[in-house]
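As the structure is a computational prediction, the values presented were derived from the model and not from experiment.
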Amino acid sequence: MKKFRIHIWALFLLILSAPFIQAQSQPKSDDYYLELKKGWDHLQRVFELINRHYVDEIRPYPLLKSGIEGMLDKLDPYTVFIESNGEDRLRMITTGRYGGVGMEIGLRNKNVTVIAPIENSPAAKSGIQAGDIIEKIDGQDISGWPLDKVSSKLRGKVGTKVRLLIKRPCIGHRFEVELTRAEIVLEDVGYSGFIAPGVGYVSLKGFTEKAPHELQQAILSLKQSGQLNGLILDLRGNPGGLLESAVKVVNLFVPKNTLVVYTKGAREKEYRFYTQGDPILPETPLVVLVNGGSASASEIVAGALQDLDRAVIVGLPTFGKGLVQKVFNIDKSQDVKLKITTAKYYIPSGRCIQKKDYGKDGVIVLDSVSSDPNDHTFFTLNKRKVHDRGGIEPDVEVRNDSLATVAIDLIRKNMLFDFAVQFHQKHPQWADSSFTITPEIFNAFQNFLKEKDFHFTLEGERELKKIKKLVETRGYDSGIIDLIDQLQKKLQANKQIEFERHQDQIKELLRLELAEKYYGNKWRHKLALEKDKQVKKASEILIDQKNYRQILASQ
């Protein structure tokens with residue numbers, strides 16, 4: 001049996017290597033083929049020896065799969081092996097649609113918890129609420145399951161049913177609900193509205209095939225409901241998606257037959273992507289918001305609009321993901337695929353979006369991305385200088401306020417979320433239309449923190465504990481321990497001062513959490529914009545037309 005496996009393996013290598021060698025688009029040196037033969041020979045010999053001598057019987061596929069994944073690990077992070085469940089995920093990213101029950105889930109205190117049901121979904125219609133804990137799916141106890149396994153179990157063919165055992169913590173009540181899976185449509189436009197007289201705002205969360213149409217409808221709705229003198233397009237935290245959708249989004253703002261992006265690769269011919277139609281906002285002043293979470297298609301849109309001097313870019317430098325992937329079938333069933341990076345994105349000025357952070361080992365990748373820190377200078381349409389340092393650098397850099405340590409711990413330990421869930425269940429109506437955190441609500445929150453025995457860590461506190469342990473272990477002078485104890489007591493005394501000092505920030509976070517529980521994520525988004533420094537700066541630039549034109553003028 002083992003010899004048969006070895007022969008099959010050798011045949012597999014022979015079949016695999018032949019088309020691989022023939023597929024090379026450019027002649028290779030003798031050294032290249034010597035390296036190839038050496039690698040195949042070593043791989044075959046390693047498998048033979050493991051198959052003959054390993055202490056336990058092996059299963060070939062998991063072993064070979066780990067070899068595939070190890071090989072891909074030497075390349076960029078986006079060249080990946082995809083099996084059937086990954087294909088479902090890929091389809092959802094592409095179309096923004098999937099069969100499921102429609103709820104965002106997360107781990108809260110090691111429980112699979114409903115973060116928010118999607119509006120009009122089977123979950124929402126059945127009365128499932130934020131904070132509900134899923135304990136069983138179709139009779140199976142899911143404690144200890146990873147979130148991706150839970151999500152996979154909840155998704156499925158439209159029209160099929162799934163049974164959930166739900167626990168509602170606030171009332172300690174368990175109930176079972178049977179949901180019929182429906183087509184869930186994820187919206188690319190998160191929120192749109194006017195944030196100042198004449199200044200419109202649209203948040204774009206993704207780039208599925210629906211994104212250009214949703215954005216167009218949002219803009220047309222703004223134009224119908226008021227005078228649109230300027231628009232803020234928010235791409236912060238947008239991880240990207242389809243290249244074609246990015247081109248169509250740019251087309252909403254620039255003329256027909258304008259170059260948006262082109263791709264080049266060592267084995268791929270150059271492809272150029274131009275706008276195909278007439279824009280709906282050809283001249284309306286535009287600001288695009290970006291940050292470190294803006295990637296791929298987001299960077300194409302922001303970079304192209306910057307290169308064409310069609311928009312002012314505000315915020316923080318983007319992620320720097322400028323690699324193009326293609327998906328290839330591995331077997332006839334089409335359940336197994338390989339997503340391969342085949343080219344890089346270049347925007348109109350000639351800049352490459354990709355950060356110079358992969359393929360630096362010349363033994364692995366020939367002619368890889370240069371690690372030379374000296375970037376090149378490029379020019380926009382108006383001859384403004386721009387650079388290829390990876391990602392898109394904003395024209396106007398603006399940082400939002402950072403979170404205080406106490407606020408970070410309140411979020412990390414789910415205190416805000418848990419209180420909002422409990423408060424909402426006890427008070428179904430929030431009468432205050434101004435969304436004010438009254439003294440009564442804040443006192444209730446503080447009492448909640450006491451009940452939950454909430455503690456937060458100040459900066460330096462962990463380091464003091466480490467020093468104390470070191471002093472005790474080494475047997476240093478006990479006077480040093482006394483000094484550390486005094487410092488720790490002073491830090492503890494400062495915690496209440498720290499909490500009170502950041503009370504406004506805590507109240508704002510609590511206000512947003514409660515708004516979401518009562519009125520949904522769009523209301524949370526709307527309220528968050530009121531104190532967003534980047535949005536405020538974008539609005540100021542659009543209102544001051546002279547400043548807007550100066551930023552885009554030649555330097």
Could you check whether atom CD of Glu283 has more than 12 heavy atoms from other residues, nucleotides or ligands sitting under 6.0 Å from it? no

So how far is it from Arg524 CZ to Tyr519 OH, rounded to the nearest 0.5 Å? 15.5 Å

If I take atom NZ from residue Lys537 and atom CG from residue Asp532, how far apart are they, to the nearest 0.5 angstrom? 13.5 Å

Would the distance check show the side chain of Thr284 and the main-chain N or O of Leu281 forming a donor-acceptor pair, the cut-off being under 3.5 Å? no

Determine yes or no for a side-chain-to-main-chain donor-acceptor pair under 3.5 angstrom, with Asp132 supplying the side chain and Val114 the backbone. no

For side chain to side chain contact (heavy atoms under 4.5 Å, CB included), just list the numbers for Ile128 and Leu179, CA-CA rounded to whole Å, side-chain angles, deciding distance to a tenth of an Å, and then say yes or no. CA-CA 11 Å; Ile128 289 176; Leu179 304 176; 4.1 Å; yes

For Glu268, is there an ion pair with Lys264 - N to carboxylate O distance below 4.0 angstrom? no

Leu323 CG to Thr263 OG1 distance, which is reported to the nearest 0.5 Å: 11.5 Å

Starting at CG of Asp188, measure out to CG of Leu204 and round the result to the nearest 0.5 Å. 6.0 Å

Just how far is it from atom CD1 of Ile313 to atom OG of Ser294, taken to the nearest 0.5 Å? 10.0 Å

Side chain to side chain contact (heavy atoms under 4.5 Å, CB included) between Glu530 and Arg511, intermediate numbers included: CA-CA 12 Å; Glu530 295 176 2; Arg511 176 179 182 243; 3.2 Å; yes

Is Ser151 reaching over with its side chain to a backbone N or O of Leu147, donor-acceptor style, under 3.5 angstrom? yes

Keeping the roles fixed (side chain from Gln545, backbone from Ile543), state whether a donor-acceptor pair exists under 3.5 Å. no

Kindly say whether Gly102 contributes a backbone atom to a donor-acceptor pair with the side chain of Ser121 at under 3.5 angstrom? yes

Please report the C-alpha distance between Ser203 and Val189 in whole Å, then the side-chain angles of each, then the deciding distance to 0.1 Å, and finally whether the side chain to side chain contact (heavy atoms under 4.5 Å, CB included) criterion is met. CA-CA 6 Å; Ser203 167; Val189 170; over 6 Å; no

Can you list the steps and then say if Lys517 with Glu513 is a salt bridge (Lys or Arg N to Asp or Glu O under 4.0 Å)? CA-CA 6 Å; Lys517 299 300 171 287; Glu513 199 71 52; 2.7 Å; yes

Please determine, by modelled atom types, if Lys326 and Thr342 share a side-chain donor-acceptor pair under 3.5 angstrom. no

Looking at Phe81, I'd like to know if the NZ or CZ of Lys337 sits under 6.0 Å from its six-membered ring centre while staying within 45 degrees of the ring's axis. no

So salt bridge (charged side-chain N to carboxylate O under 4.0 Å, His left out) across residues 239-257, not counting sequence neighbours, yields none

Check the side chains of Asn251 and Gln276 for a donor-acceptor pair under 3.5 angstrom, ignoring hydrogens and angles. no

Within 45° of the six-membered ring axis of Phe417 and under 6.0 Å from that ring's centre, is NZ or CZ of Arg108 located there? yes

To the nearest 0.5 Å, atom CG of Asp234 lies from atom NE2 of His525 at 5.5 Å

Would Arg272 count as a cation-pi partner of Tyr262, with NZ or CZ less than 6.0 Å from the six-membered ring centre and within 45° of the ring normal? yes

For Phe423, the ring-ring contact (aromatic ring centres under 6.0 Å, His included) test, sequence neighbours excluded, returns Phe419, His427

Donor-acceptor pair, Thr113 side chain versus Ile133 backbone, under 3.5 Å? no

The criterion is side chain to side chain contact (heavy atoms under 4.5 Å, CB included); which residues satisfy it with Lys531, sequence neighbours excluded? Glu508

Could you check whether Asp76 and Thr341, counting side-chain N and O atoms only, form a donor-acceptor pair closer than 3.5 Å? yes

